[in-house]
Amino acid sequence: MKIKEKLTAYQYLLKDKLSGDKNRELIALLKDIKLAARQVAKELNSATLNNTIGDLSGKKNTHGEEVKKLDIVANNLFIKSLENGGNCAGIVSEEKDKVLIFNNEVSRSSKYLVCIDPLDGSTNIDVNVPVGTIFSVLKRPTVSDKTFSKDFLQVGSRQVAAGYIIYGSSTIYVLTVGKGVDAFTLDPVVQEFYLSHKDIKIPKKGRMYSVNQGNFYEFPLSVQEYIRWCEQNHEKSGRPYSLRYVGSMVADIHRSLLKGGLFIYSKSKSASSGKLRLLYECNPMSFIIEQAGGLATDGKKRILDVVPKTIHQKSPIFIGSPEMVKQINKFLKSRLFN
Ligand code: AHG
């Protein structure tokens, strides 16, 4: 959609998507996220010169994955911004085993909680490939002095906002507050995000599928058969499809959102729930893609209907253009997905 007026993310939300006094706290929270994202973008730009590239030696996260120095830098920046902003009572972060409750007086009376992957795709940092931040905003079940882990265990359909920031050739903040999807691009000179993509709609069909095909023989038969189907020649349906896999969920989803496509992270013989985390990867991405007209499933049900049991729970995910998700669903239903 054509952009008529040059608006900052803040102005646009205030004027259009989140007008009205009752939304002020949510707008302020999204501003806290934007502030940290700007700082992360700066850190990433100068990481090679500042010697912040590479692993934090010997440190693994709650999933047993190597932690990068920049994972910690990004995590600290988001925590600081969200805590100081006082618009959020606590967070679940990929980089923290337990929930982090903010104990200052202002945060304690806030209505919101945030689940965040501060730097997704960080194994790609060393080679200058796009990485991102993914976040989900939930309403607290009750606003009281205490926040509990279980407060975060809400179905994805209850998210009030979700977004990602892709740090690529430009830095783009993609956001939904449940009224469609918009994107804001960082102007590096004035360090402000401006509305750049209004009311994004994912193409109904695409010709690209995105999967770590190196795991082919690890996948359930139904997923293997779908991949073989994508590779077959079939002029009428535009096959063979092209395989595109960056290995950074934000980059693969961003391409699918704008160009159409299907992103797959399946379960496999060695990972019975896949790799991606429900609360701060699958749920926010599914909310965004559904709001843009796409679909997202875990192979059995809609991602946004999955009831989380633990804060770092993983889930398989098949997400993207609606026709492509429907097509893979036929494979998942007709053959074993066990
Ligand atoms: P990490 O943040 O540890 O680099 O993980 C990235 C995530 C996600 O962004 C990406 O889609 C997926 O892991 C890639 O995993 P594989 O390397 O197993 O394909």
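As a basis for the values below, the full set of heavy atoms in this structure was taken, side chains included, without hydrogen atoms, waters or symmetry mates. Position 1 is the first residue of the sequence; numbering continues from there. Each ligand, and each atom within it, is numbered from 1 in the order the structure gives.
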_Partners passing side-chain contact (heavy atoms from CB on, under 4.5 Å) against Tyr245 (at least two apart in sequence or in another chain)_ =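 Ser210, Asn212, Asp252, Phe263, Tyr265.
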*Which parts of the protein, at residue level, reach under 4.0 Å of ligand 1 through a heavy atom?*
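Within 4.0 Å of ligand 1, protein side: Glu65, Asp120, Gly121, Ser122, Thr123, Asn212, Tyr245, Gly247, Ser248, Met249, Phe263, Tyr265, Lys275, Leu276.
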*Polar side chain donor-acceptor pair, Ser248 to Asn124, under 3.5 angstrom*: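 Checked: Ser248/Asn124 side chains pair up, N/O donor to acceptor below 3.5 Å.
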*asked:* Counting only heavy atoms from other residues, nucleotides and ligands, does the tally under 6.0 Å from CD of Gln232 exceed 12?
replied: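 Count over threshold, so yes.
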*Below 4.0 angstrom, N of the basic side chain to O of the carboxylate: do Lys68 and Asp71 qualify?*
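No, this pair does not count.
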_If the test is side-chain contact (heavy atoms from CB on, under 4.5 Å), which one of Leu276, Ile134, Val306, Asp298 qualifies with Cys282?_
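Running side-chain contact (heavy atoms from CB on, under 4.5 Å) over Leu276, Ile134, Val306, Asp298 with Cys282 returns exactly one hit, Leu276.
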_Phe193-Phe184 aromatic ring centre distance below 6.0 Å_ =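 No.
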